[in-house]
Structures are given as C-alpha cells and as structure tokens.
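Below is one structure, written out as structure tokens; the observations come after it.
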Amino acid sequence: MNSTAADPAFILVARDGVDYSATLIDAHGAERDEHVDAESWTAWVAEHERFTPRWVFNDVALWYPALLAAGVRITRAHDLRLCHAILRDSALVVDGESLRRAVAWNVAAGVEPSQQPAQALFELGNDGPRQVPGGGAEIRAEFDRQRAILDAADGRLRLLTVAESTGALIAAEMRSAGLPWDVASHEQMLAETLGERPVGGGIPSIMLQRADEVRALLGDLTVSLESQPKLLRALHRAGVLVESTSKWELEDQQHPVIQPLLEYKKLSRLYSANAWAWLAEWVKDDRFRPIYVPGGVVTGRWASSGGGALQIPRALRTAVRAAPGWRLIVADVAQLEPRVLAAMSGDVAMADAARGQDLYSGLVDRGIVATRQEAKIAVLGAMYGSTTGEAGRLVPRLRRAFPLAMAMVDQAAQAGEDGGVVTTLLGRSSPSVSAEWTTVQRAATDADADAGSEQRARRSARDRGRFTRNFIVQGTAAEWALAWLAGIRQGLAELGRTQGVAATASGATFAEVPHLAFFLHDEVILHVPEDLAEASAQVVRDAAARAATLLFGAFPLDFPLDLKIAADAGK
DNA sequence: CGCTGTAGCGCG
DNA sequence: AAAGCGCGCTACAGCG
C-alpha cells in the first residue's frame with residue numbers, strides 16, 4: 001500500500017512492447033506511471049482492482065477477454081473507442097472539434113486479437129484504420145480530450161459514457177460465461193423436425209422427403225428449391241403466378257404446392273441457420289458464446305457479429321437450459337419503446353394508459369382503439385412513421401389522445417426531413433446527413449429540376465424522417481436497457497458478496513457465480529444458483545425500477561417485467 | 001476462384 | 001399485411 005499517494009481513481013493502460021504500462025491518476029490529479037511485466041500483468045490488475053478504479057482502455061473488447069480468462073474481473077471502465085463515437089457526434093457536446101480531428105479513433109468495433117484474421121490489420125479501406133490507437137501517449141491524449149469534454153458537459157453524457165462502457169464489460173463477461181445450452185435437447189428437436197442426419201453430414205431425411213414432395217407437385221423432379229429464380233420459374237410453370245418466392249406472397253396463393261413449400265422453407269431455414277453446423281461452431285462445453293457488439297447500431301443498440309445472438313428462433317429457446325442445481329431468470333420488459341416515448345415526452349395521458357398494465361389494453365380501455373391488435377398497429381405505426389393502410393388510419397387517434405408523445409416523434413421526423421440531427425435523452429445524436437443525401441436534395445431545388453428528382457428527394461427526405469423519428473425512441477430505449485443491465489450486474493455482484501461467492505481477483509470464473517448470460521434489446525437471461533434464484537429475480541426487478549428513476553426521475557410510469565424462474569428459457 | 005449485392009427470414 | 005424502424009446470417013446470382 002502506497003501511503004503517500006491517494007488511491008487511483010483512474011488507471012490508463014497501454015501495451016509497451018510485450019509488456020504493459022499504466023498511468024495511475026488519483027482523485028486530486030496526482031499521477032504516476034508504472035511498467036508492468038507481461039507475466040505479472042493479470043495479477044497486477046487484480047491487485048489494483050481493490051481500489052475499484054475506472055480502468056481506461058482504448059477498447060474494452062481488446063483487453064477484457066484475456067483478463068476474464070485469467071479469472072480477473074473489473075468493476076468500472078471507460079472505453080475510449082465507444083465514448084469517442086458518442087462524444088464526437090453528440091449535440092450535447094459544446095465543442096467536439098478536438099474529437100473530430102482525432103480521426104484515428106474513428107474506428108468500428110474491435111475484435112479480440114485471437115479472433116482476428118491475420119490480414120485484417122492491412123485491409124484498410126478509404127474510411128480509415130480498423131484498429132484503435134494503442135500507444136500510451138495516444139491513449140492519454142484521447143482520455144484528456146474526452147475528460148475535458150465530459151467535465152464541461154451535461155451530466156447525462158457522463159451517465160451515458162459510463163453506461164456504454166459498462167455495457168462493453170458486460171458483453172465480454174457474457175461471452176466469457178456463455179449461455180447454458182442443452183445440446184442433446186437441441187439435437188433431439190432437430191431430429192424430430194428435420195429428420196435424422198445422414199452419417200457424414202448432408203441433408204436430413206424429412207427435409208429430403210419434403211423437397212421431393214414439393215418438386216413432384218411442381219411437376220419438376222430436379223428443380224433447385226434454394227435458387228429463387230429457378231424456384232420462381234417452376235412456380236410459374238405450375239400456374240402459381242407470384243412475383244417473388246417470399247412466404248408472405250406464397251401464403252395468399254391457392255395451390256397444392258404452397259403448404260409443403262412453405263413447410264420446406266421453414267425446415268431449410270432451420271437447417272442452414274441453427275442446426276448441426278451452428279451447434280458445432282457456436283456451442284462449446286454446453287455454452288453458447290455469441291459475439292456481442294456494444295454500440296454496434298447507430299441508435300446505440302447492441303449488434304452481434306457471429307453466432308446470430310440476436311436472431312435465435314424463439315422455438316429454440318427450450319434448448320437454453322440451466323445447469324444442475326442452477327436456474328434461469330428470464331425477463332423482458334413489456335412494451336419498452338412506447339413506455340420510453342411516454343416518459344421522455346412527459347406525456348402523462350400516455351403514461352396513465354400504460355401504468356401498471358399492458359399498454360395496448362390501456363388504449364382499448366380508454367376507447368382510443370377497439371382492439372389490442374389495433375392498439376399495437378397504431379403504436380408501432382406512430383414510432384415507425386407509418387402513413388398508409390390500417391396504421392395510417394389509426395395513428396391520428398393517437399395524435400389526439402397523446403399529443404405530447406406524438407409531437408415529440410413528429411418533431412424528430414421533421415428534423416430528419418430537414419437534414420437535421422436528433423438526440424436521445426442521454427445525448428446520443430443521430431449521424432449527420434451523407435453527402436449523397438444532400439446532393440439528392442440539392443438536385444430537387446435546381447431551377448431545372450425534373451419531376452423525377454423531386455420525387456427522389458421527397459422520398460429520401462421521408463426515409464430519413466422515419467429514421468430520426470424512430471432514432472430518439474429506439475436510442476433512448478437502448479439507454480434504459482443499458483442502465484437496467486448495469487443495475488443487474490451491480491446487484492448480482494452485491495448479492496454474490498453477501499453470499500460469499502463473489503467472483504473477485506481471487507480467481508473464481510464468471511460462470512461459477514450468478515451472472516448475466518444473455519441480452520437482447522429488452523430482455524435478459526440470468527444463470528444463477530438455485531438458492532439465489534428468488535434474490536436474483538428481485539435484483540432484476542429492482543434494476544428496472546432504478547433504470548426508470550435514473551433516466552426519467554419521478555415521472556409516474558413503471559416498466560413492468562414478464563419474468564420467470566425456470567430450468568429452461570422456452571415459453 | 002473470390003468478391004459483392006440481393007432475397008429471404010430470423011430477432012427486437 | 002409485408003406498407004413502417006433497427007439489425008445478422010445464409011445461400012445464390014452475377015461479376016471480374
């Protein structure tokens with residue numbers, strides 16, 4: 001213990017050849033540098049984690065997996081790459097010029113070095129480097145730029161940068177722990193649905209039979225069902241006059257081939273997306289480990305890269321199964337986005353309709369629409385900018401019932417159509433217009449503009465309006481979800497501590513303690529020891545309440561959860 | 001042969 | 001119902 005310097009509040013880390021360097025900064029700004037040998041690195045981090053500093057990484061995704069693999073968990077971080085992207089564009093930043101000049105930080109998501117193809121470093125497109133700066137001086141300079149901006153900025157941005165960085169930690173932790181997956185049950189379902197898989201691979205039996213049946217009904221025993229042009233021609237020859245092979249068009253047709261064909265398409269999809277090949281690649285040691293990409297969507301939502309974490313068919317959720325003696329907590333927020341819209345716009349009427357119940361039923365109860373289905377169409381239409389069909393007919397009723405909420409999304413749409421930028425509650429701003437977009441708009445205002453260019457301009461303006469309309473809602477919902485996630489993480493850590501099973505620097509790995517195992521926009525799955533299940537469920541509920549308070553203060557609206565404690569994640 | 005673009009469908 | 005937001009993945013087509 002160093003008795004002359006205060007505990008470090010920030011620790012900036014960088015590679016120094018094969019070794020590491022660290023700058024420790026205390027709360028008064030006093031600082032010192034340390035050199036750390038490669039072999040003592042993880043122990044050094046573990047030793048310094050007891051101060052719970054905010055670890056400053058150029059990119060959490062590049063640093064944290066190796067620490068987790070060594071059993072080292074950290075509590076707080078600042079991800080320079082992710083925060084750069086937010087602060088550079090945020091309308092809440094008074095002067096972001098210093099960040100915009102630091103173009104080297106304008107990079108896409110990092111990839112674990114172990115996963116990175118060797119050439120990736122050299123495949124530099126025109127849009128800049130693919131690798132975030134890693135030198136100590138560069139990291140220090142970027143940290144100083146960001147800290148200066150955050151010190152001068154609205155507190156909401158500090159909240160957002162902390163939430164975003166915590167999300168980066170959670171993404172790595174979830175990949176490290178994995179989602180418990182019952183391979184036997186998955187394979188049994190595949191065998192029942194697709195048929196037995198031929199030894200050595202190949203198309204399974206039921207799928208083959210169904211394909212033969214379809215080809216017979218089409219009167220073409222050799223046509224490839226996987227090729228859209230060939231299938232379309234075969235359908236035409238059989239008298240099914242569709243314009244595409246999509247299921248929503250086929251569903252309308254009356255022909256004996258339709259039912260088997262739709263069934264075949266379903267099987268084919270399951271086979272290629274989530275069958276044996278997927279299992280072999282993504283499920284190891286009974287854990288599904290997708291790659292999450294925090295901040296991967298412009299709105300701030302997470303994306304994924306590999307594993308298709310965001311597209312696991314609901315039918316497959318039964319294969320998510322707790323380990324013996326463990327339970328899953330499966331929770332999702334009911335109608336997160338409309339609730340977020342009600343709260344961020346301060347629309348008390350909309351909050352009244354939603355509070356304590358199903359929001360859609362609340363609309364029916366108030367006579368705004370006739371059925372729950374209509375309510376859903378109207379609300380989604382309002383947030384997505386629908387203008388035609390049933391949604392177009394229903395949205396005006398919402399405009400009368402909830403003028404504040406509708407004014408907020410309508411103004412966001414208008415700003416987008418005008419080429420402006422919109423901003424979420426915590427300060428994530430939409431991208432500014434592209435050069436092409438501006439060119440299209442300019443072309444329409446030329447004196448000699450033809451009808452075609454005016455139409456193109458109007459359409460691209462409306463497209464952008466729908467994007468910015470949705471951006472503020474989807475983006476603020478993503479912020480709520482980050483706050484929820486971070487609250488769950490913190491609650492679980494406290495729970496672990498009081499139960500004496502904390503994953504600390506002592507080396508317990510993540511999967512040995514109650515942990516977050518899955519996250520998808522508005523739902524989470526936790527994997528917890530059975531005796532902590534009830535307490536963990538309460539952590540999830542409490543975190544939802546705290547997220548609401550953190551973002552919306554005392555605004556009178558709750559975010560009810562559908563939550564179950566179960567052995568599997570199926571319905 | 002590898003690359004890019006698109007259709008289609010899975011998720012919220 | 002495929003019009004109205006945001007994604008990723010697979011397979012095929014079409015290109016050089």
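Because only heavy atoms are used, hydrogens play no part in the values below, and waters and symmetry mates are left out as well, while side chains stay in. Treat the numbers as computed from the prediction; the structure is a model and nothing was measured. In what follows, every chain begins at residue 1, and chains take the letters A, B, ... in the order their sequences are listed.
- Mapping heavy-atom proximity under 4.0 Å, the span of DNA chain C touched by chain A runs 5' to 3' from C:dA1 to C:dA13.
- Here B:dG10 presents its P atom at 16 Å from NE2 of A:H521, a figure rounded to the nearest Å.
- The base of B:dG10 lies outside donor-acceptor range of the side chain of A:R314, with no N or O pair under 3.5 Å.
- In this structure, A:D252 reaches the sugar-phosphate backbone alone: every heavy-atom distance under 4.0 Å involves primed, P, OP1 or OP2 atoms, never a base.
- The C1' atoms of B:dG12 and C:dG4 are separated by 15 Å, rounded to the nearest whole Å.
- Checked against the 6.0 Å centroid threshold, A:W282 and A:W276 do not count as a close aromatic pair.
- Spacing between atom CG of A:L520 and atom C1' of B:dG10 amounts to 11 Å, rounded to whole angstrom units.
- When the side-chain contact (heavy atoms from CB on, under 4.5 Å) test is applied to A:A413, the partners found at least two apart in sequence or on another chain are A:R469.
- Around the CZ atom of A:R459, the shell of radius 6.0 Å holds no more than 12 heavy atoms that belong to other residues, nucleotides or ligands.
- For the OP1/OP2 pair of B:dG10 and a distance below 4.0 Å, the side-chain nitrogens and oxygens of A:K265 include no atom meeting the criterion.
- A:G392 comes within contact range of no nucleotide atom at all, as no heavy-atom separation falls under 4.0 Å.
- Checking A:E479 against A:T424 by side-chain atom types alone, a donor-acceptor pair falls below 3.5 Å.
- The ring of A:W278 has its center no closer than 6.0 angstrom to the ring center of A:Y271.
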